[in-house]
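Structure first, commentary second.
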Amino acid sequence: MTATPAVEAYLVLPTPAAYGEAIDRLRAASRAYYAGENSPLDDASYDALRLAVLAWEAAHPGGAPESPTGLVADGAAPEGDVAHTTRLLSLDNVFGPEQLIAWDASLARRLGRPVEGGFTVEPKLDGAAVAARYRDGRLAQVVTRGDGTHGEDVSHVVGSVVGLPELLAEPLTFEVRGEVLFTHEQFETAQEVRAAHGGTPFANPRNAVAGTLRAKDRPYRLEMTFWAYGAVELDGGSFPPSGGTHAEVLAAVARAGVRTTADTPAGLHVVSTVAEAQERVDAIAALRAGLPFGIDGVVVKANSAAEQAAAGLGSRFPYWAIAYKLSAVERQTVLREVVWEVGRTGVLAPTALLDPVEIDGSTVSRATLHNPADIARRGLHLGDTVTVYKAGDIIPRVQAPVPELRPADAVPVPLPAACPNCAGEIDKSQERWRCAKGAGCALAPLVEYAAGRDVLDIDGLGRTYVRALIDAGLVTDVADLFTLTEEQLALAAGSARRGAKLAEQFALARTRPLSRVFCALGIRGTGRRMSRRLAEHFGTMEAIRAATAEDLLAVEGIGPEKAPVVVAELAALAPVVDKLVAAGVNMTEPERPAPSGAPAEDGAAPEGGPLAGATVVVTGRMTGRLDGFGRSAMNELIERAGGRAGSGVNAKTTYLVAAPSAGGKPSSKAVAAEKLGVRVLTPEAFAELLAGLLD
Ligand code: IVH
């Protein structure tokens, strides 16, 4: 498994005019980026355009003399007047395993032999580079990277950067280099503080850092965090110790009391080979969604100082280090509409409908917004270009608009005047608006749905009784139905006979299969069919509750957008599920007969079947020996072979089983597979692989 590359499609610039326009756009975007303003291009688009410019320049030697690609920070960082002790360089990028191997080979060419001192692997923190000068153990000055030779004095931040103490335990003199950033938590606080001071929201944490470093006269201070990724001597001092390794330098810096990349949850790893480095890159990429701050890649460095010196420096970057870029987790797209749904507790939850955009391997078209106050604070307009953030299992969220790109006809996001569910009054007393009926608003339709024939099939529990039970305060969620006594039912139904009949029905409802019980929970996107698939796939409620969003992707019809929603909603329903369990409601799905054409069930998936560890995606109608195998039969077959059935092709996919398409035009999944280097098998070849299971 390798990390997904950030840029999958490289643009080709057709004419000199297109090249000229591209460098103008690059320059405008990087100027905005380094000035802490909103960039008209998101990172992925910037990287793609930059690669196209580089490709043009490679094919047309000489290029434009004014091209930004040959300069540190693409020549756009604000200039400063503080001379750096030694140049602060940038990093060259790679986007995939082959390019990492090629970098290793180029390093070996420079050294005249393979790298012997091993590599370090650490996160590429997505903030702003600074050099912090300690003199006699006191933080004397903080300087931005600037153009690499001169930076800006931003010492006003001293005292508000976690990890960069004002005083060290020892009177050391040295310069530490690293990245200042806002952790996710610090960023949310920063947005609130800024809004409280009437400021416009930051588009993203990185913008916020650039802006905060430059803003010397704000009436408020925002806390940021620093992690060092290097250190150099200052004023001829003897710290850090020279001649050792990068890992040793960072360890010495950490002992001095300054935080380093080794202190981040992603850590600093020392490895011997570039293949091991790739494994670490993948491991850090897998951690990314759970990190408390943004990373945009992983940095691999030759560990030995002697080898670093021998490899040398280019004009923009050292030859001994490389940034392995990860796919962008933040993109820009257009906010088209905001829809409001009433949650189980009556809270009005806004969802942004977006122009579909590819983020971190999946297409995002919906994202969460928080509440009306937050929408107003962010100043969101319909028609705005907005930054959208999504990493791994995280539900995509809208961060902020890019006001510079706002069209003339954009309108502020309209807020609902009445409850979108019952058209009743809205309680606006708190930031999160609620239907004035609270949980009662969404509860009645949910309970009626749960009692319906295709769900729990509680004959006789119609609208009138449901309302009566809710109004009497006896039912506050679906699980309460199962704790009602015969007397309570009789009271609500208006007669002892009807009460007794209803009690009988409830006894029956307790024995319904898991698929129906799950459906009764009313989790978004899990109607009858999806609940059945989930129940059949996992077998027990316990297993569904233990499943991660990634596990859910193995269920047909659950994609990367739906999976985290199901996980989050099921987790929020924990008290209801616990009550159902306590009330003796059945929580298992009966074994399903083998689908026609498929082999008979023989229990659990084998540990080491022919597909052990593989993720398989199936597309199109099966042919040959698999003729007649529907999607669930295929999923079952894959699981019996020890594999995992996936729904969408991504970097984790091992095989795509694709029937040749009728018109000869490859399916979108086949195109994606080719792009990602995923092996595509015909149904016949796949059947061959699983011959033992099909005999
Ligand atoms: S090493 C001479 N290590 O990424 C070596 N840089 O895109 C230069 N960055 O300018 C930098 N995390 O601001 C290094 N672990 C890390 C980093 C890192 C973030 C930044 C740094 C650099 C930029 C290049």
Side-chain angles (χ1 to χ4, degrees), residues 6 30 33-34 43 46-47 50 68-69 71-77 84-95 103 107 119-132 142-149 151 154 163 175-183 205-206 209-210 213 224-232 240 245-247 249-250 253-254 258-270 277 280-281 284-285 287-288 291 293-303 305 307-309 311-326 328:
S30 47
Y33 179 120
Y34 286 104
D43 283 3
Y46 182 88
D47 280 344
R50 191 167 185 282
T69 56
L71 306 169
V72 165
D74 286 351
H84 282 302
T85 44
T86 56
R87 274 188 305 155
L88 247 75
L89 293 173
S90 182
L91 289 169
D92 198 10
N93 297 326
V94 294
F95 296 95
W103 168 74
L107 196 50
F119 301 92
T120 54
V121 185
E122 61 193 290
K124 183 172 185 308
L125 307 161
D126 196 7
V130 293
V142 182
V143 186
T144 62
R145 182 174 64 180
D147 65 0
T149 56
V154 290
E175 179 177 298
V176 68
R177 292 170 169 190
E179 204 82 350
V180 175
L181 51 71
F182 279 98
T183 63
R206 200 205 34 243
V209 176
L213 288 177
M224 298 180 285
T225 299
F226 174 86
W227 277 288
Y229 50 67
V232 292
T245 65
H246 172 57
V249 168
L250 290 195
V253 167
V258 178
R259 282 201 197 173
T260 76
T261 50
D263 301 315
T264 65
L268 174 95
H269 310 272
V270 178
R280 287 297 174 177
V281 168
I284 293 179
L287 286 179
R288 185 189 199 182
L291 293 176
F293 49 80
I295 65 170
D296 60 340
V298 180
V299 185
V300 182
K301 299 173 182 168
N303 194 17
E307 287 187 334
Q308 289 184 357
L313 312 172
S315 62
R316 291 180 54 241
F317 47 77
Y319 295 120
W320 46 265
I322 197 81
Y324 190 120
K325 292 291 280 261
L326 298 178

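Since the structure is predicted, the reported quantities are computational estimates derived from the model, not experimental observations. Atoms within each ligand, like the ligands themselves, are counted from 1 in listed order.
- Across all non-hydrogen atoms, the minimal contact from S315 to L89 is O-CD2, 3.8 Å.
- Any N or O atom pair closer than 3.5 Å counts here, and V299 shares no such pair with ligand 1.
- Looking at heavy atoms from C-beta onward, L326 lies in side-chain contact with V298 at the 4.5 angstrom threshold.
- Of all the atoms in ligand 1, the ones that sit under 4.0 Å from a non-hydrogen atom of E122 are 15 (N).
- Less than 4.0 angstrom separates some heavy atom of L89 from each of these atoms of ligand 1: 8 (C), 10 (O).
- With contacts defined as side-chain heavy-atom distances shorter than 4.5 Å, the pair N303/F119 does not qualify.
- Near K124, meaning under 4.0 Å from one of its heavy atoms, ligand 1 places the atoms 4 (O), 7 (O), 12 (N), 19 (C), 23 (C), 24 (C).
- Checked by distance only, ligand 1 and L125 come closer than 3.5 Å through their nitrogen or oxygen atoms.
- Side-chain contact check for L213 versus V130: some heavy-atom pair is nearer than 4.5 Å.
- Counting heavy atoms from C-beta outward, T120 and E122 have side chains that approach closer than 4.5 Å.
- Contact of the V180 side chain with the T225 side chain is not registered, since no non-hydrogen atoms from C-beta on lie closer than 4.5 Å.
- Of all protein heavy atoms, the one lying nearest to atom 22 (C) of ligand 1 is R145 NH1, 3.8 Å.
- In this structure, A321 does not count as a contact residue of ligand 1, since none of its heavy atoms falls inside 4.0 Å of the ligand.
- Residue K301 places at least one N or O, backbone or side chain, under 3.5 Å from an N or O of ligand 1.
- A ring-centre distance under 6.0 Å is found for W227 and F293.
- Contact of the R177 side chain with the V232 side chain is registered, since non-hydrogen atoms from C-beta on lie closer than 4.5 Å.
- Between T261 and ligand 1, a contact under 3.5 Å exists for no N or O pair.
- For S90, the closest heavy-atom approach to ligand 1 falls below 4.0 Å.
- Atoms of ligand 1 found under 4.0 Å from any heavy atom of P123, numbered from 1 in the order shown, are 12 (N), 15 (N), 16 (C).
- When each atom of ligand 1 is checked for a heavy atom of A129 under 4.0 Å away, the hits are 13 (O).
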